[in-house]
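Residue numbers start from 1 in every chain, and the chains themselves are labelled A, B, ... in the order their sequence lines are given, proteins ahead of strands.
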Amino acid sequence: MTVEKNSQRILSYTRDVMAGYPREQRFTLAMLQDIQKKYKYIPRESLEQLSDHLGVPLSKLYSIATFYKALSLQPKGDHVIRVCDGTACHIRSSMVIVDELAKILMIKPGETTSDGKFSLETVNCLGSCAMAPAMVIDETYYGKVTPSRTREILNEYGGVDCE
Amino acid sequence: MIITINGRQCEAEHGEFILDVALRNGIQIPTLCHSEALPGLASCRLCIVEVIENNWSKVVASCVYPITSEIEVVTHSEKIKRMRKTLLKLLGARAPQNAYVRKLLAEHEVTPAARFQGDPDENCIMCGLCVSACDKIGAGAISTVYRGIAKKVSTPYDEPSKTCIGCSACAGVCPTGAIKVQESHGKRIIWKKEFELLSCAVCGKPFITPEQIAYLKAKLNQEIDEILCETCKRKAAGERFAQTCADLTASKGLLR
Amino acid sequence: MSESNRPKRTILVCCGTGCLANHSLKIYHKLKELITKAGVDVAVETYIKTTGCNGLCEKGPIVKITPDDIAYFKVKESDVEEIFEKTILQGEVINRLLYLDSVTGKRFKSHKENDFYKRQMKIALRNIGEIDPADIFDYIERGGYESLKKALFTMTPESIIEEVVKSGLRGRGGAGFPTGRKWKQCAGYNNYPKYVLCNGDEGDPGAFMDRSIMEGDPHSIIEGMAICAYALGSNTGFAYIRDEYALAVKNMSNAINKAKEAKFLGENILGSGFNFDIQIVRGGGAFVCGESTALMSSIEGKVGEPRAKYIRSVEKGLWGQPTVLNNVETWANIPVIIEKGGEWYSGIGAPKSTGTKVFSLVGKIRNTGLVEVPMGIALRELIFDIGGGITAGRKFKAVQTGGPSGGCIPESLLDLNVDFDSLTKAGSMMGSGGMIVMDERTCMVDVARYYLNFLAEESCGKCLPCREGIKRMLEILNSICAGKGLAGDIELLQEICATVSEASLCALGKSAPNPVVTTIHYFEDEYLAHIRDKRCPAGVCKELTTYYIDPENCKGCGLCLKNCPAGAVSGQPKSWHSIDQKLCIKCGNCIDNCKFHAVKIR
Ligand SMILES: Cc1cc2nc3c(=O)[nH]c(=O)nc-3n(C[C@H](O)[C@H](O)[C@H](O)COP(=O)(O)O)c2cc1C
Ligand code: SF4
Ligand code: SF4
Ligand code: SF4
Ligand code: FES
Ligand code: FES
């Protein structure tokens, strides 16, 4: 797909999202969340389009997009790994899991592998503290994760090529 | 109503801010993020004072604390002085090399804490005045970005902003001189954006951007036929006034 | 529904997050398939439902069968057929799946008999685990929306507020402000529109009670909000829900729609002439947005920065209008208070902290999960009798309450009664009810650092004391944990704490020092061990920890070797194992897995 076509698509999807809400500032976050859900990030085209539509300066939308953790300006990998580092998980050694994943994937939390397959993130509490340490890949929850199980779990997603 | 500040009785209106009453009565309270034109930021907390009400003391930011009853205010208690020093210490850790910050620290006899690794290139203290100024103008070119300890002020995507008109109002309100404005060869660079500068019709000094002119036109809804810099504008106004006076005297003479 | 006269039986499959992660949905589908296939051949008419979280996630998935009052724990997909064959078809109890008391070895048929549930008293969680949250009739069948009717048709706004005042209910979201007083203040402003908000942001890591209520019993929140709205003359409500809580958003939206269809929400509610509607706002993922003024900014579509609260939200809140904001759990209590009266409620719990409170017991505790108990319960009872004590036979060290704004309470205070004021007096706070239990393998300096790290990211960053104070405290704690602590660090931390706790703009900053202050207060020794002796007694701070295996205790079982991800352990079966320090990554897997306490920390 050419860049131009892709951009067209993004614009038209953004238009659809905007049409779903009244043209009021209070729906900014909701619209951005819809766009985020679709693309796993907020494309610049969308942010600019929304700025025009709502009559809110781009800088204010940029401020919102960088403030809320649910929104991202960077594209994400095919699979997003979110390791919980909430308190319950932290004291059950969640950072050891993060370190192990970082080592296997050769990226730091917040980064995406060079092949675009995995993104690694830490989150504060998945609300599954009873299964600490917990992690979620895309929508699937994993409880009581151990460092030795991480590679196994990654294999369910096709594993890591770049080794 | 009457409130007491440092033992002194002061007249205050309902809803007035403590800082305003204090200043009116010649009582100095240090401030950093307060500006009469851009009120309400309350981010620097240097203006903290103790408010005592019903035998209960609390620390509040005087620049935004509205007076609603006959309270007692202490602006320089031991506690407040101690806290202010800690705030300044934190400020010094953030912008260790900034001249204005260093001056403030010296004024309050605070020695910078050696324990902290400050960034020698940091000058912004995140007071937020620049963003308020730009918003007030209506350009909305800059905003705060990120949150927490990573928060900073920037243009969208750290790129030259489409809506910046190069007015440098932001730099003008910045207490620490953190916003760099470069001017040379008839050009101005601010927030990475380059502007052409138009010259004063009289003295020939380059001083204003075409974007600013366009903004003024839109705002005032009228044509601007002659571009005059502040100095020349004042001079012209003065001359016009002198001329009018002269004319008046002349006409009066005629009449006489 | 079928017209038959067969006796009825309902199977309740827990589909709270914990059980879902253990594949309870598969169990549900499989059971359902078997029941449908068997159809009318079954002597008992059988229904199957998914419910919200039962609380004891540790022992999930949980399957309950009524009216037989059977509860099965740790059910696997492979158990489903047996459950169907034996219990459903023949009414037989499968002993193996019943709750096992690990101390006495006794099994209990009904879940109500075991220690975890026996000591609880459910008000806010009254319906969770008993009803299908997607089915409004389940809620109505258990008395739902009766309180709304009572309020609309037999009570005046004043008498509703009076009842809530009388109950002594204090907000469950953190600060414990008296709910009735808040409503009364808001009712006093004759400025319309007014707004009624539900705080479902639940940013506190380690707490998940609000999630459980929104997922498992959404109508109780809706009913509570509608009663308040009627008392205040408000027509618009907003529920601000954490975006990560997809199921909560879904169940709340669905419940709002169902409530509208049934005329419990919308125009002319139940023909009373009163209008009230609730809209859902998905949060953006920011802890600070749980703070009331930041939450309102966020609903308005702005960056979630708090503002100075010298003018209260009950006067000028959302869009500058009078606003009442309450927490999810607070709302869930309201219908019961209206039903049974404020006086009844005030008789439960402690004098100045009435009613019950939901706690999440997590960390190094045996029965992790959600419990609801009367306020004023002793910490010891909560942690040891209900929670079953510490895992792996280790020693209790501290319990953290109140999340990032709270503090750590040491063993010496285990007899403390859990209520708003006692916790505050101990230097901590109630917060949302998260209780994170820590044992000797938890480093208290690391805990303080953990919370500051959290707050460094989650503070809005607007005001100087909070932003710079947290940054510098974190800098100091990082260096202490890395073995670079200096003499004077503790005093410097205390100095910063004293300023941040009073000069910050909002309560996030004001309470940010609590984890540091309490850990220094109760565990100064541990700080000194790090700073002076360059040692981490808990074996958590990597730079300060060396693990070694004591030949005296080592039985050569090889568990450490098997669990070491770095291949640092070597040794032959049945003989002394040892750790190659050059390879060891200090993950602590060996020490956590050794049953003979042979792995030691130097
Ligand atoms: C930083 C911060 C985070 C908060 N997070 C929450 C939250 O997630 N949920 C909540 O109900 N209250 C939270 N609160 C408390 C709210 O500001 C507010 O007091 C509460 O929602 C009022 O409801 P209540 O009186 O029913 O507790 C938070 C407060 C602060 C300062
Ligand atoms: S120079 Fe640009 S950024 Fe600064 S106030 Fe003017 S328009 Fe705003
Ligand atoms: S650049 Fe200057 S005015 Fe803007 S926030 Fe920083 S210190 Fe304040
Ligand atoms: S105390 Fe912290 S969270 Fe609150 S306004 Fe200040 S910087 Fe923001
Ligand atoms: S702390 Fe990890 S799921 Fe709650
Ligand atoms: S002058 Fe009041 S907070 Fe900065």
> Considering heavy atoms only, which positions within residues 24-34 of chain A lie below 4.5 Å of chain C?
Replying inline: A/Gln25, A/Arg26, A/Thr28, A/Leu29, A/Ala30, A/Gln33, A/Asp34
> Can C/Phe208 and A/Cys129 be said to form a side-chain contact (heavy atoms from CB on, under 4.5 Å), step by step?
Replying inline: CA-CA 8 Å; C/Phe208 51 104; A/Cys129 324; 3.6 Å; yes
>> Could you check whether C/Lys542 pairs with A/Asp99 (Lys NZ or Arg NE/NH1/NH2 to Asp/Glu carboxylate O, under 4.0 Å)?
In response: yes
> Which region of C/Val540, side chain (C-beta onward) or backbone (N, CA, C, O), has a non-hydrogen atom less than 4.5 Å from a non-hydrogen atom of chain A, or is it both or neither?
Replying inline: neither
>> Less than 4.5 Å apart, side chain to side chain, heavy atoms only: is that true for A/His90 and C/Asp446?
In response: yes
>> Using heavy-atom distances under 4.5 Å, tell me whether C/Leu20 contacts chain A through its side chain, its backbone, both, or neither.
In response: neither
>> Is C/Cys289 in contact with chain A via its backbone, its side chain, both, or neither, using a 4.5 Å heavy-atom distance?
In response: side chain
> OG1/A/Thr146 to CG/C/Asp592 distance, rounded to the nearest 0.5 angstrom?
Replying inline: 11.5 Å
>> Please report the interatomic distance OG(C/Ser298) to CZ(A/Phe67), rounded to the nearest 0.5 Å.
In response: 8.0 Å
> Looking at C/Gly304, C/Gly434, C/Ala207, C/Cys564, which makes the most heavy-atom pairs under 4.5 Å with chain A?
Replying inline: C/Gly304
> What part of C/Phe287 is in contact with chain A, defined as an atom under 4.5 angstrom from a non-hydrogen atom: side chain, backbone, both or neither?
Replying inline: neither
> Is it the backbone or the side chain of C/Arg242 that comes under 4.5 Å from a heavy atom of chain A, or both, or neither?
Replying inline: side chain
>> Please identify, among A/Ser63, A/Ala130, A/Ala88, the residue contributing the most non-hydrogen atom pairs under 4.5 Å to chain C.
In response: A/Ala130
>> Check this for me, if you would: do A/Lys69 and C/Glu244 make a salt bridge, where the nitrogen-to-carboxylate-oxygen distance has to be below 4.0 angstrom?
In response: no
> At a heavy-atom separation under 4.5 Å, does C/Lys562 approach chain A through its side chain, its backbone, both, or neither?
Replying inline: neither
>> Out of C/Asp210, C/Asp439, C/Thr368, C/Leu361, return the one with the most heavy atom pairs under 4.5 angstrom to chain A.
In response: C/Thr368
>> Could you check whether atom NZ of A/Lys76 has more than 12 heavy atoms from other residues, nucleotides or ligands sitting under 6.0 Å from it?
In response: yes
>> I need the residue from A/Ala70, A/Ser128, A/Gly143 with the largest number of non-hydrogen atom pairs under 4.5 Å to chain C.
In response: A/Ala70
>> Can you tell me which portion of A/Glu139 sits under 4.5 Å from chain C's heavy atoms? Options are side chain, backbone, both or neither.
In response: neither
> What distance do A/Lys144 atom NZ and C/Asn22 atom CG have between them, rounded to the nearest 0.5 Å?
Replying inline: 8.0 Å
> So which part of C/Ser212 gets closer than 4.5 Å to some heavy atom of chain A, the side chain, the backbone, both or neither?
Replying inline: neither
> For C/Asp243 and A/Lys37, what are the C-alpha separation, side-chain angles and deciding distance, and is it a side-chain contact (heavy atoms from CB on, under 4.5 Å)?
Replying inline: CA-CA 11 Å; C/Asp243 191 42; A/Lys37 206 149 263 168; 4.3 Å; yes
> Under 3.5 Å, is there a donor-acceptor pair between the side chain of C/Arg211 and the main chain of A/Leu126?
Replying inline: yes
> Under the side-chain contact (heavy atoms from CB on, under 4.5 Å) criterion, do A/Ile91 and C/Lys364 qualify, and how do the steps go?
Replying inline: CA-CA 8 Å; A/Ile91 68 165; C/Lys364 309 282 184 75; 4.2 Å; yes
> Do you know which of A/Ala134, A/Gly86, A/Ser93 has the most heavy-atom pairs with chain C at a distance under 4.5 angstrom?
Replying inline: A/Gly86
> Can you tell me if A/Ser148 uses its side chain to pair, donor with acceptor, with the backbone of C/Pro565 under 3.5 Å?
Replying inline: no
>> So which atom in C/Gly206 and which in A/Cys125 form the shortest heavy-atom distance, rounded to 0.1 Å?
In response: N-SG, 3.4 Å
>> At under 4.5 Å between heavy atoms, what parts of residues 397-404 of chain C are in contact with chain A? List them by residue number.
In response: none
>> Distance check, rounded to the nearest 0.5 Å: A/Met95 atom CE versus C/Cys587 atom SG?
In response: 13.5 Å
> Does the side chain of A/Asn124 pick up a donor-acceptor pair with the side chain of C/Glu457 at under 3.5 Å?
Replying inline: no
> chain A heavy atoms under 4.5 Å from C/Glu215: which part of the residue, side chain, backbone, both or neither?
Replying inline: neither
>> List the residues meeting ring pair (Phe, Tyr, Trp, His ring centres under 6.0 Å) with A/Tyr68, not counting sequence neighbours, and say none if there are none.
In response: none
> Going by residue number, which parts of residues 78-85 of chain A are within reach of chain C, meaning a heavy-atom gap below 4.5 Å?
Replying inline: A/Arg82, A/Asp85
> Given the options C/Gly363, C/Ser360, C/Cys57, which has more heavy-atom pairs under 4.5 Å with chain A than any of the others?
Replying inline: C/Gly363
